[in-house]
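For reference, the structure discussed in these notes is given below.
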Amino acid sequence: LLVVASCFSESVTYNFESGREDWVFIQYGQANYWVRGTEAGSASEGSYALYITRNNDEKYEYFTDQTSVSWAYVPVTLTEESTISFSWKGMGEGGWDYLKVYLSPIIESPQAGSTTPPTGAVQLGGYYSGQPNWQNVTLSPGKSGNYNLFFMWENDYNTSYGAPAAIDNVCISTPSYYDLTAVANGN
């Protein structure tokens with residue numbers, strides 16, 4: 001008897017090719033803010049990504065003489081086995097201009113201009129900066145339930161060492177079930 005185990009998973013991927021989908025931006029009054037566009041390029045075969053811009057022409061650049069904190073988030077449903085993966089890039093000024101990622105219960109939203117995450121939020125990973133090329137990250141938060149997945153851009157009012165943050169291919173993957181199949185092996 002041969003037993004074959006198959007794992008099936010469900011995933012939701014945001015590659016921004018067909019729009020912002022379920023994403024919400026919290027950035028009113030910020031000099032640098034999130035936008036969906038093509039200036040940052042794409043981490044895969046598409047053309048679009050979410051990235052920080054400083055003006056209405058959607059250039060992939062930011063004001064370095066004005067402090068900004070802008071948030072982008074999407075609601076997600078997780079199980080303890082879920083993984084969150086995404087592609088990111090961005091230089092910024094090391095230690096001062098960066099991307100941070102948070103997972104938060106759906107209780108409240110942060111304020112534009114504030115680095116204070118929502119109540120109960122957990123930071124996923126560290127500070128994402130210093131990378132001019134697309135990087136891939138996979139995180140296993142070990143949480144179950146409904147959450148908001150936040151991406152926060154913060155910059156100070158000083159120096160820049162390149163482009164701001166960009167994200168693409170945000171994927172929530174959840175193993176849904178295992179299928180065990182018994183097969184006679186002919187002996």
Side-chain angles (χ1 to χ4, degrees), residues 9-63 68-79 82-92 97-114 117-118 121 123-125 128-129 131-139 141 143 145-155 162-174 176:
S9 66
E10 296 177 8
S11 64
V12 176
T13 301
Y14 300 97
N15 62 15
F16 310 109
E17 294 305 309
S18 59
R20 282 179 29 192
E21 293 136 292
D22 299 326
W23 287 79
V24 177
F25 297 157
I26 302 170
Q27 53 198 16
Y28 181 76
Q30 299 303 294
N32 302 308
Y33 52 89
W34 290 100
V35 67
R36 172 192 169 261
T38 59
E39 285 289 317
S42 174
S44 60
E45 282 107 33
S47 300
Y48 289 88
L50 283 189
Y51 57 89
I52 294 295
T53 189
R54 70 178 190 177
N55 47 34
N56 291 330
D57 64 4
E58 299 181 359
K59 295 287 186 191
Y60 180 45
E61 57 193 21
Y62 68 109
F63 288 116
S68 292
V69 179
S70 296
W71 298 80
Y73 76 91
V74 66
V76 298
T77 299
L78 304 175
T79 67
S82 295
T83 58
I84 298 170
S85 60
F86 60 94
S87 301
W88 73 276
K89 67 178 179 176
M91 289 296 292
D97 304 348
Y98 48 78
L99 173 71
K100 288 172 99 175
V101 181
Y102 292 94
L103 189 64
S104 173
I106 302 175
I107 299 171
E108 62 183 27
S109 296
Q111 298 294 314
S114 173
Q123 186 175 340
L124 302 177
Y128 297 96
S129 69
Q131 294 294 331
N133 300 311
W134 288 106
Q135 307 293 309
N136 297 312
V137 174
T138 300
L139 305 163
K143 303 272 186 193
N146 295 317
Y147 294 90
N148 284 330
L149 177 62
F150 288 95
F151 290 82
M152 182 200 78
W153 166 257
E154 177 182 5
N155 68 272
I167 62 171
D168 199 6
N169 300 325
V170 178
C171 180
I172 312 305
S173 183
T174 302
S176 56

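In what follows, residues are counted from 1 in the order of the sequence shown.
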Using 0.5 Å steps for rounding, measure from the OH atom of Tyr62 to the CD1 atom of Ile52.
10.5 Å
Polar contact flag, side-chain donor to acceptor under 3.5 angstrom, Lys100-Tyr102:
yes
Can you measure from OH (Tyr128) to CD1 (Ile167) and round to the nearest 0.5 angstrom?
11.5 Å
Might you point out which heavy atoms bring Ala166 and Ala40 nearest each other, and give the distance in Å?
CB-CB, 3.9 Å
Euclidean distance, Gln27 CD relative to Asn32 CG, rounded to 0.5 Å:
10.0 Å
Would you say Ile26 and Pro110 make side-chain contact, with heavy atoms under 4.5 Å?
yes
When you measure from the side chain of Glu108 to the backbone N and O of Ile106, does any donor-acceptor pair fall under 3.5 Å?
no
Asn15 CG to Asn169 CG distance, which is reported to the nearest 0.5 Å:
6.0 Å
Which pair of non-hydrogen atoms, one from Trp134 and one from Ala49, has the smallest distance, and what is that distance?
CH2-CB, 4.0 Å
For a quick test of reading the model, state the closest non-hydrogen atom pair linking Pro132 to Lys89 and the distance between them.
O-CD, 3.6 Å
Glu154 side chain vs Tyr98 backbone, donor-acceptor pair below 3.5 Å:
no
Sequence neighbours left out, what passes side-chain hydrogen bond (donor to acceptor under 3.5 Å, both in side chains) with Asp168? Give chain and number order.
Ser42
With a 4.5 Å limit on heavy-atom distance, are the side chains of Trp153 and Val69 in contact?
no
Taking the side chain as everything from C-beta on, heavy atoms only, tell me whether Trp23 gets closer than 4.5 Å to Tyr14.
yes
Identify the two heavy atoms, one from Asn136 and one from Ser87, that lie closest to each other, and give their separation to 0.1 Å.
OD1-OG, 2.7 Å
How close do Tyr147 and Pro105 get, heavy atom to heavy atom, and via which atoms?
CD2-N, 3.7 Å
Whether Trp71 side chain and Pro117 backbone form a donor-acceptor pair below 3.5 Å
no
Taking the six-membered ring for Trp and the full ring for Phe, Tyr or His, determine whether the centres of Trp88 and Phe151 are under 6.0 Å apart.
no
Looking at OG of Ser68 and CG of Asn155, how far apart are the two atoms once the value is rounded to the nearest 0.5 Å?
4.5 Å
What closest approach, in Å, do Tyr60 and Pro164 show between heavy atoms, and which atom pair accounts for it?
OH-O, 2.7 Å
Nearest-0.5 Å distance that lies between atom CG in Leu103 and atom CG in Leu149
6.5 Å
Does the Lys NZ or Arg CZ of Arg36 fall within the cation-pi geometry relative to Tyr48 - under 6.0 Å from the ring centre and within 45° of the axis?
yes
In the structure I gave you, are the side-chain heavy atoms of Ser109 and Tyr73 within less than 4.5 Å of one another anywhere?
yes
